[in-house]
Amino acid sequence: MSSIGPPDPIGSWESEHAARRLAEAAADRLSHLQEATAALSEARTPADVADATLAAALGMLGATRRVLLVPATPDGELAVLRAAGEPDLEPLLAAASQAWRSRATVLVDGTQAPGAAAGHRGALAALPLMAHDRPIGVLALGFDGPILEDGDRALAAALSGQCALALDRARLFQELQRAAQAQEDFLHVASHELRAPLGTLCLAVRLLARDARARGGPDMDGRVRAIHRQVDRLARLSDALLDITRITAGRLELQRERTDLAALVRDGVARVADDAAGARCALTVDVPDPVEAVIDAQRMEQVIDNLLSNALKYGREAPIRVALRREGERAVLAISDRGIGIAPEDQDRIFGRFERAVSGRRYGGLGLGLWIVRQIVEAHGGTIRVESAPDAGSTFTVQLPLG
Ligand code: ADP
């Protein structure tokens, strides 16, 4: 016969208390892990990842000795990326190399730590960092206590998983940066190399054009003009390539001087007069006299040339209007065509690098002109915008501070 005794208030209080302690410890772990995840997601370089991981290992696991190792040679020899805690890292390094070779976690209780001298040494854990089934490093941790509890083991495994992901991403990011830098360097050298012979060629063709006009007859004159246009186009393309490297390296330096913007616009229009005739676009110019501004004249010429040549290129043989006016402390330049126009969803993106809104087969180009124009205008403290509708034409408006 069994009897049910009176409730045991002390026993039930103890078990309730223990359950609460367990729940609190679990919540505490989770919040530590969340903090570590946030810190790791912001880490940009492998060293940042290592710093965030070692800090988290101390904060959430109480690991007093910590080291993160990554392969330093092509045959996979490990080197310390970051270490913290006691200076004697030998036992940790021994466990780390065991974990690296076996690709499995190595757990060592306090008394058997590899390389431990006589006397008490705490527990060790060495966790291989795996990314896409590939080992990319080892996280080795040393503790003051002799054994690592189950909960802490799970937490260490979660931390090493997060660390591996962040480390892999940081390495990929560095590789991408190196590749982008190599590309920029190549572009810089290539555009420089192209520019030198093109400069000489431009000069020679200009002289040839003068001779052809004087002595060569209309046929010869026409052919030399065609060569001149193409050489100019090549020179503009190689300048655009050179500008990409300057702008992305933050080296777009302005040589500002007091300049008559009205004269600059009229000169620009005169420069494209031949091309406008070829493209059958009538040009009207509405420019007051003078509009003085402190600007980089050469760079502003580039802005005007680019906008005019786009208007001719996409203008579908319709008239083009160029207007300059002063509005308070600003100059406003508007170039309008009645050409193919630009769809609303493309009107922002065409100012981006390599962005185009036309078929490459129909219209040649690199998609760099408007990007460079915007960089130059913004470097002057100005703005550029477009109003356009497909098949109705486009107006590009540049606003520039005068002072
Ligand atoms: P590119 O002309 O070499 O493509 P741009 O950077 O000068 O490069 O122009 C980017 C894109 O903007 C062009 O490809 C074209 O789609 C669009 N665009 C620029 N100017 C005009 C214009 N006047 N009319 C219609 N579309 C234009």
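All figures in this text were calculated on a predicted structure; none of them were measured in a lab. Throughout, residue positions are numbered sequentially from 1 according to the sequence presented. Read the numbers this way: they start at 1 and go in the same order the structure lists the ligands and their atoms.
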Taking only heavy atoms of the protein into account, state which residues are under 4.0 angstrom from an atom of ligand 1, in chain and number order.
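Within the 4.0 Å shell of ligand 1, which is judged on heavy atoms, sit Asn310, Lys313, Tyr314, Asp337, Ile340, Gly341, Ile342, Ile350, Glu355, Arg356, Ala357, Val358, Gly365, Leu366, Gly367, Leu368, Gly369, Leu370, Ser394, Phe396.
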
Considering all heavy atoms, the nearest Thr53-Cys163 contact
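Looks like OG1-SG, 3.4 Å.
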
Mind listing the side-chain donor-acceptor pairs of residues 395-403 below 3.5 Å, one per line with the distance, residues two or more places apart or on another chain?
unit_1 : atom_1 : unit_2 : atom_2 : d
Thr395 : OG1    : Ser336 : OG     : 3.0

Euclidean distance, Asp239 CG relative to Leu368 CG, rounded to 0.5 Å:
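Here the rounded value is 12.0 Å.
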
From Trp100 CH2 over to Leu129 CG, what is the distance, rounded to the nearest 0.5 angstrom?
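Going from CH2 on Trp100 over to CG on Leu129, the span is 8.5 Å.
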
Under the ring pair (Phe, Tyr, Trp, His ring centres under 6.0 Å) test, residues paired with His132 that sit two or more places apart:
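Residues passing ring pair (Phe, Tyr, Trp, His ring centres under 6.0 Å) with His132: none at all.
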
In a table with atom names and distances, give each donor-acceptor pair under 3.5 Å that connects a side chain of residues 282-297 to protein atoms at least two apart or in another chain.
unit_1 : atom_1 : unit_2 : atom_2 : d
Thr284 : OG1    : Ile320 : O      : 3.4
Asp286 : OD2    : Arg321 : NH2    : 3.0
Asp289 : OD1    : Arg266 : NH2    : 3.0
Asp296 : OD1    : Gln298 : N      : 3.2
Asp296 : OD1    : Arg299 : N      : 3.1
Asp296 : OD2    : Gln255 : N      : 2.7

